[in-house]
Amino acid sequence: MIDLKALRENPRHYKDGASRKGMAVEIDRLLQLDEQKRAAQTRREQLRAEQTRLEKDLGPQLGKLQGDLKKATDAAERAQLQQRIEQLRAAPASLKGQAAELEAVEKRLEPEIAAILLTIPLPPDPDVPVGSSAEQNVERERWDPPGFDASVPFAEQRGFAPRGHAELCRRLGLVDFPRGVKLSGARSYVLTGRGMLLHQAILRYALDTMVHGHGFAAMSAPVLVREEAMVGTGFFPAGREQAYHIPESARGGGSDLFLTGTGEVGLMGLHADEILDEADLPLRYVTVSTCFRREAGAAGKDTAGLYRVHVFDKVEQVVICRADQAESRAWHARMIGYVQGLLRSLGLPHRLLQCCTGDLGVKNADMIDVECWMPGRAVEGAPASGYGETHSASRLYDYQCRRLNTRYRPGGDAGKGPTSFCHSLNNTVAASPRLMIPILEMHQQADGTVRVPEPLRPYMGGIETIG
RNA sequence: GGAGAGGUGGCCGAGAGGCUGAAGGCGACGGUUUGCUAAACCGUUAUACGGGGUACGCCCUGUAUCGGGGGUUCGAAUCCCCCCCUCUCCGCCA
């Protein structure tokens, strides 16, 4: 969520940001509603102050008059007293009535203001290239393992035509697609035997790297969350269609629940409505969680194999740091570096893509995607077609923490001084089975077997080859 | 699922229609004292939003907030209604 005060002061900045992201947004309408609401609020508060002042000296008077009324016996005197009481009561009552009307105005405006505010995107940073779609993303860096060149056809270098991962999985008995579909429909799969072991090895290796190599705290994160967590992390309302919805309220339960599409939701939700101690920052969390995605709107896309599935597991890293732009940027680079190190250790060619403004979501100021080379995806004559997205690193400034109401100050909750919203960042460490694709395809051998990358072997009982 | 207890500031804990943004204590912070530490003493100690000012550090001012929402009343932390949450015991279950 953006800062409404900042929007009031500089609407241009946010209009420009939205247009660079290619998002239509009702900023003028929002400002107009906000103006109306504040006018009503100011007036209402003045009336209320007046009412309280009146009541302060009216109370004793009323008490006295009511006492007199009780004692009075003469009918005329009683009537007169009665009338004075009515009079005294009339003034504050009228103020109260007016205030109530204004309050009704505010209450009518508030939901619309809040709804529009949630849709206003964080403006992209000035150094993010302007573009309208993923086509205009800019390649920033490329890495190939020694002795391999992803821009040269696989067959030329290795002496045999690569098999796609789906075929490798079937031939090696790593995945049972038909039974997955029988159980759960399209985009479902069953990892079997060494397929399951490879999947777990990837996850555990990635988790261990982050924890023991980079000092991140390992956490579990709920994957079934309330709507506030989805709104707070910025996935709702825009991405509502992507999430599985459990309508518990319709069954008499307290609140509806949603299955999360990434561990980021659980990790970031952890500190919603908290005031953190500045001394504890940055918080560095890593989780491994099952991710659920409806893939609405992706019908017909990547239907075969393990690339686009409804359920997968992901190791996700999240950093919550002080509200400092330079620090945010430094963490972004570092978090990407961790992934580069991981992919190198697995011998996977990959590249970094600077996402253009049109490819950013509402919540990020900047996003770098990492794509791994998947020989099976490469189309003849177009080497870049072989890259498939495996990671995405977002820099969000305070957009997410403002929505989540995650703040910090020296001394934390019990501390003194003004609070600030934290900055947050997130990046994939490893998503599997998608990451199995480049691993299987890159490390396949002429005989149809697959060499297990060395770092994964300890997690697979020491085996060197799947075959 | 059944029965009971309870939600007040950073924490503990009073208050039972106006003088209560809320006693007292703890903690934290600032100061006095001190060779150092401790103790003692004095002081400060919420947040959000609106309006005004600003040397952009804040300052002044209004409103709201005692789990949430509604109601009674001239006036509600306090009375009434609804909801939510936490805890304890029993049952069921991984």
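All chains are named by letter (A, B, ...) in the order of the sequence lines, taking the proteins before the strands, and each is independently numbered beginning at 1.
Considering only side-chain atoms of A:R38, the nucleotide from B:rA48, B:rC49, B:rG51 that sits closest is B:rG51. Checking B:rG62, B:rA64, B:rC74 against the side-chain heavy atoms of A:A49 singles out B:rG62 as nearest. The nucleotide whose nearest atom lies closest to any side-chain atom of A:R409 is, among B:rG75, B:rU47, B:rG50, B:rU47. Comparing B:rG50, B:rA64, B:rG75 against the side chain of A:R48 picks out B:rA64 as the nearest.
Few gaps surround CZ on A:R140; more than 12 heavy atoms of other groups in view lie less than 6.0 Å from it. Counting heavy-atom neighbours within 6.0 Å of A:R38 CZ, excluding the residue itself, gives a total above 12. The environment of CZ in A:R308 is crowded: more than 12 heavy-atom neighbours from other residues, nucleotides or ligands sit within 6.0 Å.
Within the nucleic acid shown, A:R53 has no heavy atom closer than 4.0 Å to any nucleic acid atom. Backbone-only contact: A:K5 has heavy atoms under 4.0 Å from sugar-phosphate atoms and none from a base. Within the 4.0 angstrom heavy-atom criterion, no nucleotide atom of any strand lies near A:R84.
When rounded to the nearest whole Å, the span between CD of A:E228 and P of B:rG68 equals 16 Å. B:rU73 atom P lies 15 Å from atom CD1 of A:I85, rounded to whole Å. A:E274 has its CD atom 14 Å from the C1' atom of B:rG10, to the nearest Å. Straight-line distance from the CD atom of A:Q36 to the P atom of B:rG50: 16 Å, rounded to whole Å. The CG-P distance, from A:L54 to B:rU73, rounds to 19 Å in whole Å. For A:L47 and B:rG75, the CG to P distance is 15 Å, given to the nearest whole Å. With rounding to whole Å, A:L102 atom CG is found 15 Å from B:rG62 atom C1'. Rounded to whole angstrom, the span from the CD1 atom of A:I275 across to the P atom of B:rA46 amounts to 13 Å.
Here, B:rG21 and B:rC74 have their C1' atoms 22 Å apart, quoted to the whole Å. Taking the P atoms as reference points, B:rU78 lies 8 Å from B:rC66, given to the whole Å. Comparing the C1' positions of B:rG18 and B:rC26 gives a spacing of 31 Å, expressed to the nearest Å. Distance check on atom C1': B:rG15 versus B:rG7 gives 16 Å, rounded to whole Å. The separation of B:rC11 from B:rA28, taken at their P atoms, amounts to 15 Å, rounded to a whole angstrom. Nucleotides B:rC42 and B:rA46 are separated by 23 Å at their C1' atoms, to the nearest Å. For the P atoms, the distance from B:rC41 to B:rC84 is 49 Å, rounded to whole Å. A distance of about 47 Å separates the C1' atoms of B:rC87 and B:rU33, rounded to the whole Å.
No donor-acceptor contact under 3.5 Å links the side chain of A:Q41 to the base of B:rG50.
Nucleotide B:rC49: paired with B:rG62 (Watson-Crick or G-U wobble, both distances less than 3.5 Å). In a base pair of the Watson-Crick type (N1 to N3 plus N6-O4 or O6-N4) or a G-U wobble (N1-O2 and O6-N3), with each distance short of 3.5 Å, B:rC89 is matched with B:rG2. Base pairing of B:rA94 is not made with any nucleotide, judged by Watson-Crick or G-U wobble geometry with both donor-acceptor distances under 3.5 Å. The pairing partner recorded for B:rA76 is none, the criterion being a Watson-Crick or G-U wobble arrangement whose two distances lie under 3.5 angstrom. B:rA16 makes up no base pair with any nucleotide shown, lacking Watson-Crick or G-U wobble contacts both under 3.5 Å. Nucleotide B:rG21 is matched to nothing when pairs are restricted to Watson-Crick or G-U wobble geometry with both distances under 3.5 angstrom. Figure legend. B:rC41 is base-paired to B:rG31; pairs are counted as Watson-Crick or G-U wobble with both atom distances under 3.5 Å. When both distances must be under 3.5 Å, the Watson-Crick or G-U wobble mate of B:rG7 is B:rC84.
In terms of position on RNA chain B, the residue among A:T419 and A:R89 whose nearest nucleotide sits closer to the 5' end is A:T419.
Between A:F216 and A:Y338, the ring center distance clears the sub-6.0 Å criterion. Two rings, from A:H271 and A:Y285, have their centers less than 6.0 Å apart.
Its glycosidic angle being within 90° of 0, B:rG57 falls on the syn side.
Between A:E103 and A:K96, no side-chain nitrogen of the basic residue sits less than 4.0 Å from a carboxylate oxygen of the acidic one, so the salt-bridge criterion is not met. Contact check on A:D28 versus A:K15 returns a salt bridge, with a Lys/Arg side-chain nitrogen under 4.0 Å from an Asp/Glu carboxylate oxygen.
Each of A:E327, A:R334, A:Q317, A:R395 was compared with A:L425 under the side chain to side chain contact (heavy atoms under 4.5 Å, CB included) criterion, and only A:R395 meets it.
The side chain of A:K96 contributes no N or O atom lying less than 4.0 Å from OP1 or OP2 of B:rU73.
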